[in-house]
2 protein chains.
Amino acid sequence: MEVELKQLNADLQFLSQSLPDPSHHALLCKIQLRVEELGKLAAAAPVRRSKVEDMSAEVVDSNPYSRLMALQRMGIVENYERIRDFSVAIVGIGGVGSVAAEMLTRCGIGRLLLYDYDKVELANMNRLFFRPDQVGLTKTDAAVQTLSDINPDVVLESYTLNITTVTGFETFMSSLTKKSFCPNKEGSGVDLVLSCVDNYEARMAVNQACNELSQTWMESGVSEDAVSGHIQLLIPGETACFACAPPLVVASGVDERTLKREGVCAASLPTTMGVVAGLLVQNTLKLLLGFGQVSPYLVRDGDVFFILLPELLQMGYNSLKDFFPTMQMKPNPQCSNVACLKRQEEYMLAKPARDAAAKAKMEAEVLSTEEVPLHDDNEWNISVVDDVELDGPDTRSSDVLPEGLTHELPSADEFHEATPDAPVADNDDLEDLRRQLEAINSA
Amino acid sequence: MEVELKQLNADLQFLSQSLPDPSHHALLCKIQLRVEELGKLAAAAPVRRSKVEDMSAEVVDSNPYSRLMALQRMGIVENYERIRDFSVAIVGIGGVGSVAAEMLTRCGIGRLLLYDYDKVELANMNRLFFRPDQVGLTKTDAAVQTLSDINPDVVLESYTLNITTVTGFETFMSSLTKKSFCPNKEGSGVDLVLSCVDNYEARMAVNQACNELSQTWMESGVSEDAVSGHIQLLIPGETACFACAPPLVVASGVDERTLKREGVCAASLPTTMGVVAGLLVQNTLKLLLGFGQVSPYLVRDGDVFFILLPELLQMGYNSLKDFFPTMQMKPNPQCSNVACLKRQEEYMLAKPARDAAAKAKMEAEVLSTEEVPLHDDNEWNISVVDDVELDGPDTRSSDVLPEGLTHELPSADEFHEATPDAPVADNDDLEDLRRQLEAINSA
């Protein structure tokens with residue numbers, strides 16, 4: 001703007017010198033004054049940055065992507081610009097979800113889908129993101145306002161709804177399967193769902209939708225005493241789903257009975273929520289852009305190494321001790337969620353092809369580094385073990401918690417047992433249920 | 001606002017019904033229209049929340065402190081409102097410092113002192129906090145604008161200066177010692193200094209100031225490949241200072257030669273910086289409000305347990321592996337920084353009194369829990385060991401790094417060796433230097 005104003009003034013000056021009639025000078029003076037006023041007005045107007053066609057790695061102050069594209073030169077990410085092809089859905093725009101949305105927006109994610117039904121209150125001001133002047137707006141509207149100002153390149157879709165209601169769940173499902181953003185991409189319409197909700201029912205709804213759509217998702221949470229948190233990666237059929245086992249394990253000692261009373265609220269801190277959002281989005285970037293330990297790698301289980309997809313399945317954060325325990329959870333073959341069982345079955349059916357591909361990849365890597373090829377008696381004791389062994393009821397590792405961890409919520413089984421009239425969760429895949437009943441009747 | 005408007009309208013309605021003359025009705029209609037317009041205008045104006053006299057624990061949507069005061073009911077913090085008595089100085093308002101400032105502001109810290117000389121650029125938009133409409137403002141001005149809107153209760157002081165210049169350093173020192181905020185408090189004018197700078201010289205300046213003032217501080221940093229970071233607590237005389245040993249250890253494999261070239265910038269991510277800021281401020285809160293493992297506790301060193309003040313001395317964050325190594329660093333008796341040596345001497349002089357107090361406290365605690373009193377042959381093998389043993393050159397633990405850690409910067413000694421004409425750092429305490437020279441001359 002300053003440059004254009006200078007040029008305009010220079011042109012006017014030039015014109016002034018080239019005009020012979022003094023009466024013209026008076027008119028020009030007037031025009032110059034008007035331009036000056038206009039310049040002042042323009043300078044006071046808030047600067048909204050214009051859209052950027054392509055991400056550039058050029059190191060200039062005006063390039064909003066230079067520090068991100070530098071990840072390529074640093075050898076961290078192979079192709080950063082791919083981030084523009086990804087869609088991420090964030091359910092719950094509270095203390096964790098709003099910060100996760102801002103981080104992904106500043107990273108230049110392609111498309112964000114935001115879900116919440118709550119309004120901004122002054123009581124939310126102890127967490128990052130929302131401002132006092134947004135009090136009274138829905139969290140989705142306030143978020144779109146802030147995020148579109150920060151980065152107009154991101155496609156923002158906001159859904160002001162409660163996913164635990166029947167119509168809310170239907171809209172949630174159909175929004176996840178809309179494929180207009182990247183029509184030729186495999187899978188559902190989004191690449192990842194981030195659950196940033198604060199209650200059990202909403203987590204069960206996200207779990208149901210993701211199991212039905214075979215949609216990879218990440219769960220996050222912060223304890224009610226504000227000093228612990230967790231993140232967890234869930235891949236339907238491959239890892240424990242939310243109904244397989246209580247996945248909310250954090251090193252926390254809060255008695256839940258102290259909560260849920262009239263006039264009592266949970267504590268929260270911007271620090272714990274910021275750390276959890278940061279870990280959640282960092283692992284989102286690793287998963288989407290393929291860096292760090294997310295691609296197939298070796299995990300130790302007793303004395304055998306076996307191939308497992310993502311390194312990070314569940315991670316806790318205990319801020320009092322700066323302790324970050326991690327653990328893996330395999331799916332429960334007795335899971336009460338029918339869609340989960342269906343995904344487990346599909347995962348097992350695809351096993352021979354997956355094992356062959358993994359073996360071929362590993363052998364190729366071993367050969368390419370000119371080391372000894374893979375044998376049964378190899379130095380690292382590597383063997384591609386049978387998933388059935390690991391998935392058996394006696395190896396259900398989710399029951400065994402590392403030292404210092406406790407279950408934050410009742411197990412899903414306890415939850416279901418509490419409603420004996422409905423032994424299967426309400427929102428289970430009805431078609432599947434019908435097929436099961438038919439099989440029982442025909443036997 | 002809505003409530004007041006409703007009441008006003010109700011009053012007008014009431015008046016309208018009680019007036020017999022129709023000519024009055026026309027006038028009232030006009031008044032009502034004007035009020036409606038006024039209401040629209042008022043609703044569009046940005047809401048700035050008013051100052052809050054006392055922090056309340058009342059659970060209402062309009063209370064910005066309810067979720068923080070809940071930390072007391074949860075048994076995490078004894079007296080949260082004490083946070084209003086603390087002053088924290090933040091040096092460097094970039095990707096880590098700005099987020100740390102926002103977190104402390106939302107937590108209701110008493111007073112923040114902000115130091116930076118840089119301007120906001122579009123190239124900073126890949127990190128949290130600054131907005132595109134702030135481009136061109138100094139980072140200190142932009143931060144004060146945003147922070148005062150978020151929480152008007154916080155006293156904000158901004159210093160637009162470079163602390164590595166002579167006058168900048170002088171202003172920095174005098175601002176830290178100004179005691180007008182809490183005149184009766186012990187120590188310097190601030191309770192903690194947070195270093196969030198991005199270069200070696202600025203860290204050395206913070207180190208010098210804090211050594212001279214015997215000021216506890218925390219150092220933070222993010223690696224140039226954006227995927228690792230660290231925080232570190234420094235207590236002059238008690239822990240290693242920045243010149244004692246290279247304290248910037250992160251699990252990073254970047255070749256520094258790839259940087260520092262024309263047209264090349266460091267990579268950065270909002271995730272890594274958000275996590276580092278979160279860990280930094282979480283430990284600030286633990287230190288100031290006295291919760292978690294910050295008060296005197298027991299640390300294992302070989303087979304002996306010894307008393308050490310803060311648990312967290314240095315902590316790394318490797319986001320690629322979600323690995324958080326921690327380590328402690330004792331001061332170097334051969335440190336090149338004269339002020340550091342002076343603080344080490346003071347710390348040793350105060351040792352008998354400190355040991356006696358710690359022993360008395362421990363015995364009181366043991367007695368209060370009605371357990372066996374402390375003996376030489378106690379179950380936990382606890383002994384209050386001599387600091388001299390630990391501080392000897394052979395036990396300088398800073399030379400021994402845990403697995404996976406490398407020094408990010410050259411050691412301070414290498415830095416000093418590079419300037420043989422100035423064997424002592426330029427900004428060392430001059431008076432002390434003069435005294436040393438006099439001692440040599442008189443010998």
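Chain A is the first sequence line, chain B the second, and so forth, proteins listed ahead of strands; every chain is numbered from 1. Quantities reported herein were computed from a predicted structural model and do not represent experimental measurements.
- Inter-residue side-chain proximity for A:L128 and B:F129 is flagged as unmet; no heavy-atom pair is nearer than 4.5 Å.
- Annotation: maximal heavy-atom pairing with chain B below 4.5 Å, among A:M69, A:R127, A:E58, occurs at A:R127.
- Each of A:P64, A:A57, A:G274 has some count of heavy-atom pairs under 4.5 Å with chain B, and the biggest count is that of A:P64.
- Of the inter-residue distances, the one linking A:D225 atom CG with B:R73 atom CZ reads 11.5 Å to the nearest 0.5 angstrom.
- For B:N63, the part sitting under 4.5 Å from any heavy atom of chain A is the backbone (N, CA, C, O) and nothing else.
- For the atom pair OG (A:S223) and CD1 (B:I76), the distance works out to 7.5 Å, reported to the nearest 0.5 Å.
- The shortest heavy-atom contact between A:R106 and B:M125 is NH1-O, 3.1 Å.
- Taking chain B as the reference chain and counting heavy-atom pairs below 4.5 Å, the highest number among A:L104, A:T271, A:L280 is found for A:T271.
- Heavy atoms of A:Y65 lying under 4.5 Å from chain B are absent altogether.
- Of the two parts of A:N126, the backbone and the side chain both hold a non-hydrogen atom closer than 4.5 Å to a non-hydrogen atom of chain B.
- In this structure, the portion of A:L285 lying under 4.5 Å from any heavy atom of chain B is its side chain and not its backbone.
- The structure places OG of B:S66 at 8.5 Å from CG of A:N124, a figure rounded to the nearest 0.5 Å.
- Contact count against chain A (heavy-atom pairs under 4.5 Å) is highest for B:L71 among B:V281, B:V60, B:L71.
- Between the side chain of B:R49 and the main chain of A:P132, no donor-acceptor pair closer than 3.5 Å is present.
- Expressed to the nearest 0.5 Å, how far CG of A:N151 lies from CZ of B:R131 amounts to 15.0 Å.
- The distance from the CG atom of B:L269 to the CG atom of A:L68 is 6.0 Å, given to the nearest 0.5 Å.
- For B:E78, the CD atom sits in a loose shell: 12 or fewer heavy atoms of surrounding residues, nucleotides or ligands are nearer than 6.0 Å.
- Between A:L279 and B:V275, some side-chain heavy-atom pair lies under the 4.5 Å cut-off.
- A donor-acceptor contact closer than 3.5 angstrom is absent between the side chains of B:S62 and A:E121.
- When atom types are taken as modelled, the side chain of A:R67 and the backbone of B:A226 share no donor-acceptor pair closer than 3.5 angstrom.
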